[in-house]
Protein chains: 2
Amino acid sequence: MSKRGRPRDFDYTSIVDVAMKTFWSKGYNGCSTHDLCSDTGLGKGSLYNTFGSKQDLYLAVVEHYHDTGIREQRALLECPGSVKERLQNFLAWALVEDFESMNPKGCLLINAGLERAKDDPKIEEIVSRHVEFLKQTMEKVMEEGLRTGEISKKRSAVDLASLFLSSYYGFRVLNASTQNRALAEQIMNGTIESIFGA
Amino acid sequence: MSKRGRPRDFDYTSIVDVAMKTFWSKGYNGCSTHDLCSDTGLGKGSLYNTFGSKQDLYLAVVEHYHDTGIREQRALLECPGSVKERLQNFLAWALVEDFESMNPKGCLLINAGLERAKDDPKIEEIVSRHVEFLKQTMEKVMEEGLRTGEISKKRSAVDLASLFLSSYYGFRVLNASTQNRALAEQIMNGTIESIFGA
DNA sequence: TAATTATTGTAACAATCAGTACAAAAATCA
DNA sequence: TGATTTTTGTACTGATTGTTACAATAATTA
């Protein structure tokens, strides 16, 4: 009972993956459907037949970034090891993303939120969902730190997670817009110190 | 010894101010020269005669935002009062900007950095300069807090300033992309708590 | 007043924009 | 094989992009 008609000769998710890089490096308004076609190798017919519109493809891209990103982030935050090590690894992972990977500009999710959330409620929804997931994961980590005594019990897990969340996104956007590695390392230090003391 | 020729019948900086709002709400790639003309009331002749190009006008806009912004931020951080009050006021000011003002989307400077720093080195330069100024101002405030004992002496002013800086920008971009006021208030709490303890 | 110099609005530019029309191609199913 | 169904590439659409050309306008200076 397979489908009739000519089968498409490309893989949906690998096209989304390529389009992701195009949107990532140029932004939504900064890249054209022509850019997307030439980067993916698809013709306009295939692209519009498969994804409907530039906006819909962007949604698929951001959703895909959320899916893979939240998995990666949870893996880092929920892996074995001390709480301090895990939070350090989380920031170190972001540092590599921002300074040593081929990935062009910071966190695609926050870029999408800043550029499109006001114009596209679905983008705002995905970004809010991702941030909420990430914050909850961070809260669990902070609770563990408080339970084991790694973190002084004077502060609540919610406050700690909120701080780490905002500091993390500030880290990402400062990295993307200033490319200042020395600053990045000071922020990593300052963030870890603020949670675990001197 | 005044200039010859027909004088322009508009004020340069007030046009920059209007263009700032247009770029702020729509982004660089998201607004057209037509948008800029209709918002400012200028014809294309005047606009190009005065500013040269869309890119040059954007540079003037971001520079102007930097000028006025750094003044406002320093005033908040260097005013009389306790260090805690000043840092709280700083975040409260950003909260009003992001949730209660007519200003459209977060901090124009960081938006400009994310959208244009990779394509326009002059934008990256302005953003880096602003961030550097702001961080130095924050460092002075933290030094004062350490000197007076408001802040526990276990941490360095540089670490504290770096943390506050990143948390501040994370605050701004999360506000702009999720419009979640409850989260914003948790971040304010978490940030202040992390500096001054429970 | 006459010469000079700058600003202004309008019209136009080629290029690019997102999206569509459609026929050829390629597969499945009967 | 022949009918059906989907994909694919190409050509095209009208609208918009950033920018320029230029003549009319309006001021100053001599």
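Within every chain, numbering begins at 1; the chains are lettered A, B, ... in the order of the sequence lines, protein sequences first and strands thereafter. Keep in mind that the numbers below use all heavy atoms, side chains included, and drop hydrogens, waters and symmetry copies.
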Got a donor-acceptor contact below 3.5 angstrom from the A:Asp39 side chain to the A:Val18 backbone?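 Side chain of A:Asp39 to backbone of A:Val18, a donor-acceptor pair under 3.5 Å: no, none is there.
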
Counting only non-hydrogen atoms, which of residues 32-47 of chain A are less than 4.0 Å from DNA chain C?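 Here the set is A:Ser32, A:Thr33, A:Lys44.
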
Can you sort out which residues in residues 48-59 of chain A have a heavy atom within less than 4.0 Å of DNA chain C? Ascending by number, please.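 Within residues 48-59 of chain A, the residues near DNA chain C are A:Tyr48, A:Ser53, A:Lys54.
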
For residues B:Thr33 and B:Asp35, is any side-chain donor paired with an opposing acceptor at under 3.5 Å?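 Checked: B:Thr33/B:Asp35 side chains show no N/O donor-acceptor pair below 3.5 Å.
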
With a 3.5 Å cut-off and no angle check, do the side chains of A:Ser166 and B:Ser167 form a donor-acceptor pair?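 Distance-only check passes for A:Ser166 and B:Ser167.
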
Side-chain ion pair, [X] and [Y], N-O less than 4.0 Å:
{"X": "B:Arg86", "Y": "B:Glu144", "value": "yes"}
{"X": "B:Asp67", "Y": "B:Arg71", "value": "no"}
{"X": "A:Glu115", "Y": "B:Lys26", "value": "no"}

Do B:Tyr169 and B:Phe164 have ring centroids that are under 6.0 Å from one another?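 Aromatic pair excluded; centres sit 6.0 Å or further apart.
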
Could you say whether B:Pro7 or B:Cys31 is positioned toward the 5' end of DNA chain D, judged by the nucleotide with the nearest heavy atom to each?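 First, find each residue's nearest nucleotide; the 5'-ward one identifies B:Cys31.
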
Nearest-Å distance, [atom1] ([X]) to [atom2] ([N])?
{"X": "A:Tyr12", "N": "D:dT7", "atom1": "OH", "atom2": "P", "value": "13 Å"}
{"X": "B:Asn29", "N": "C:dC17", "atom1": "CG", "atom2": "P", "value": "11 Å"}
{"X": "B:Phe10", "N": "C:dA6", "atom1": "CZ", "atom2": "P", "value": "15 Å"}

For C:dT5, does the base pair up with any side-chain atom of B:Arg6 as donor and acceptor (N or O, under 3.5 Å, distance only)?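 Not at all, since no donor on one side and acceptor on the other fall under 3.5 Å apart.
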
A:Trp93 six-ring face occupied by A:Arg172 cation (under 6.0 Å, within 45°):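 Yes, A:Arg172 sits over the ring of A:Trp93.
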
